[in-house]
Amino acid sequence: MDVSDKTRDTWILAAAMALIVAASGFASAYASGQAARQLAKAASEALVPSARGEADWTTLREGSVLGRVDKRGEPAAYLVVARYPDGEFRAAASVDGDGSILDLRPLGDSGDAYSKRLAALFSGAGKGAARADASTLDASLKALVTDTLETLAALERGRTEAEDDD
Amino acid sequence: MTIDDGRVPAGPLASIAGLAPLLVFSNSLSLGVALGIAFFLAYSAAGAMALLLPARLGRPAVFAFSLTGAAVVASLTASALRLFDPFLFEAAYGRVFLSVFTLPVLRACVMPETVSDRERAIESLLWGVGYAFLTAVTGAVRQFLATGAVSTRFGAEHGSLLPIFAQPAGAFILIALAAAAFKVVIKAVRGSES
């Protein structure tokens, strides 16, 4: 075996691999764009069913907050995916400048007791909302709800401060 | 650690142990299917590259290229999953890449040494199908034990039966039960033969 043949083959394979890695990067970027459009549409349509116009999606992945939908002239909306042992609760929440929930709409089927209770607790935490009645599930969900509300408030404060700086 | 006690073959048990990282995260049918497909594609890519790359590159280079190929395939699988269901992707993407570092995939990256090893490629592929199927079935069984139902839609799992099976501990309990059942069956078969 010629050593130069081995070196040449290694370089050819390395170049081919680099091309494949680059192609995989492009595929990943395309999938990311398509998923962003899908998530932004799901969140904005849940809050305003007849919503039209372009919505910008920002992936955040902070605790239970998956991302934010920014739409011109409307309060920012966040997509919340709160995971609990038996499943996950998905909702779109529009928030005001200090991060308080103005409106919260569950996404998709929310058939189990945990999802219903989470919807009630998040809605009850909103501005001007009536306080939800207590439930035996509250103890196990309290930490999740508190963490999510704190994350929403911190993210929205950060966003408005960044906007003010601009 | 020696699993083989002379009566029960070590291979299948070691493979299940090597798949444990995937089995731990496979707690629903949809997640199990996603991880099973990702595993199978990464395993097949690694095995095919280790088999087809020229032997003159040397074992370390073949291993490195095969592992890189498996990682690229895992990335493409994650992209396809993201297009198919963004919510499922968010729950699974870290785990999809974990499949590259499971024992069967790492073993598949090693260049076959002998001609008989090369001729067992189809057998290796069938093992890959079996491992992927096991990952999906583990997800379905854990979902059923945890919620009392099996759902094909990710995030639509409702109800509580034995919630511990949705937790990582549930996977280890299931692996232990499966290993014990496997050992009993093998012993029974060997006992009936003698």
Side-chain angles (χ1 to χ4, degrees), chain A residues 1-3 5-14 16-43 57 59 61 64 66-67 79 81-90 107-116 137 140, chain B residues 27-28 31 45 49 52-58 60-62 64-69 71-91 93-94 142-143 145-149 151 153-170:
Chain A
M1 182 183 64
D2 191 350
V3 176
D5 280 354
K6 182 183 169 183
T7 311
R8 190 197 61 204
D9 285 355
T10 306
W11 277 109
I12 290 171
L13 268 170
M17 200 57 84
L19 282 175
I20 293 170
V21 169
S24 140
F26 283 119
S28 178
Y30 172 76
S32 171
Q34 292 295 317
R37 255 190 287 281
Q38 218 172 315
L39 293 171
K41 192 176 169 207
W57 170 263
T59 303
R61 293 194 187 115
S64 299
L66 182 57
L79 193 57
V81 179
R83 295 197 176 92
Y84 52 87
D86 301 335
E88 65 177 32
F89 170 72
R90 300 172 189 163
L107 296 177
D109 177 27
S110 57
D112 74 337
Y114 280 98
S115 287
K116 285 178 179 161
L137 298 176
S140 60
Chain B
N27 61 3
S28 69
L31 205 51
M49 288 185 74
L52 299 174
L53 285 176
R56 64 172 173 271
L57 289 174
V62 168
F65 280 122
S66 302
L67 195 60
T68 311
V72 169
V73 168
S75 169
L76 290 170
T77 310
S79 298
L81 184 63
R82 197 170 200 177
L83 288 171
F84 175 70
D85 185 346
F87 288 107
L88 181 56
F89 167 82
E90 291 300 331
Y93 76 94
R142 285 179 66 196
Q143 186 179 24
L145 291 171
T147 66
S151 169
R153 280 176 51 224
F154 179 70
E157 305 90 356
H158 297 310
S160 285
L161 188 62
L162 295 166
I164 191 171
F165 278 96
Q167 303 296 316

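Computed from a prediction, not measured in an experiment: that's the story for all the values here. Protein chains get the first letters and strands the later ones, always in sequence-line order, with residue 1 at the start of each.
Taken to the nearest 0.5 Å, the CD atom of A:E88 stands 10.0 Å off from the CD atom of B:E90. Distance OH/B:Y93 to CZ/A:R61: 4.0 Å, rounded to 0.5 Å. The distance from atom CZ of B:R82 to atom CD of A:Q38, rounded to the nearest 0.5 Å, is 11.0 Å.
At a 4.5 Å heavy-atom cutoff, the contact between A:L39 and chain B is made by side-chain atoms alone. B:F89 touches chain A through its side chain: at least one heavy atom from C-beta onward sits under 4.5 Å away, while N, CA, C and O do not. For B:L81, no part sits under 4.5 Å from any heavy atom of chain A, backbone or side chain.
When all heavy atoms of B:L76 and A:A27 are compared, the pair lying nearest together is CD2-CB, 3.9 Å. When all heavy atoms are compared, the tightest approach of A:R83 to B:F87 is NH2-O, 4.5 Å. Here the closest heavy-atom approach between residue B:L83 and residue A:A31 is recorded as CD2-CA, 3.8 Å.
Each of A:L79, A:L66, A:I20 has some count of heavy-atom pairs under 4.5 Å with chain B, and the biggest count is that of A:L66.
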